[in-house]
Amino acid sequence: MSSNRQKEKEETEKLKAKLPTEAEKKEIEKLAAEKNKEIRENTNITLDETKSSVHKTTDEAKKQVPQFTKAVNEYQEQSIQATKDIADNFLESQKEVINSVQSLWVPYMENVQNMYGSYWVSPNRLTENYTRTVSNITDSTVAANRIANNFMFASMEAWKTTIQHTRDNALEFSRLNANYAKTLENLAKDNLRDYERR
């Protein structure tokens with residue numbers, strides 16, 4: 001047993017001899033602190049450069065917002081104008097077609113109508129029904145365009161809300177991450193202090 005104790009004592013002495021002296025510990029701590037400071041400075045420089053790059057990119061994107069707004073407005077104006085032009089052109093061509101057909105068929109149809117007394121086959125009634133149909137189609141086209149625009153704006157609002165929530169969540173995650181890092185730092189300092197006291 002005493003030989004085991006002797007061996008343990010010798011091994012302990014060897015380990016103590018290998019451990020750094022107080023001066024060496026202070027030098028190691030000084031070098032570690034300098035290295036840690038250098039790493040922290042490099043990290044901060046890198047993060048500041050990244051932050052600057054993000055600011056530059058977002059500022060450039062903000063400058064493009066008026067162009068996007070203008071493009072959306074132009075799209076809406078063009079859609080509305082195109083719908084109006086299509087309806088106007090179609091109605092004008094239909095007016096010409098109806099006038100041509102009426103000039104040919106009205107006298108004939110009036111004779112037939114007078115002979116059989118049918119109100120529904122009257123050229124005036126047919127024209128009236130046809131123009132109502134064309135008017136309904138035009139109104140439906142304008143309404144569909146309005147619905148499409150409303151859908152687009154609703155989608156844009158939903159996207160805006162999503163971006164806002166993403167930003168808020170990212171800020172919260174960043175705050176939690178920083179708190180977590182501070183907690184780990186404090187635990188490491190406490191553990192190091194406890195270790196040094198031994």
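Values below: all heavy atoms of this structure, side chains included; hydrogens, waters and symmetry mates excluded.
Distance CD/Gln164 to CG/Asn169: 10.0 Å, rounded to 0.5 Å. Atom CD1 in Ile45 sits 13.0 Å away from atom OG in Ser52 (nearest 0.5 Å). Put simply, CZ on Arg167 and OG1 on Thr162 are 13.5 Å apart, with the number rounded to the nearest 0.5 Å. Here Leu171 contributes atom CG and Leu176 contributes atom CG; the two are 11.0 Å apart, rounded to the nearest 0.5 Å. The OG1 atom of Thr58 sits 6.0 Å away from atom NE2 of His55, with the distance rounded to the nearest 0.5 Å. Between Asn186 atom CG and Asn191 atom CG the span is 11.0 Å, to the nearest 0.5 Å.
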Verdict with reasoning, Leu31 to Glu34, per side chain to side chain contact (heavy atoms under 4.5 Å, CB included): CA-CA 5 Å; Leu31 290 172; Glu34 288 174 3; 4.1 Å; yes
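Met156 places none of its side-chain heavy atoms less than 4.5 Å from the side chain of Lys160.
Residues that satisfy the side chain to side chain donor-acceptor pair (under 3.5 Å) test with Glu172, not counting sequence neighbours, are Arg175. Residues meeting the side chain to side chain donor-acceptor pair (under 3.5 Å) test with Asp190, sequence neighbours left out: Arg193. Contacts of Ile163 classified as side chain to side chain contact (heavy atoms under 4.5 Å, CB included), with partners at least two apart in sequence or in another chain: Trp159.
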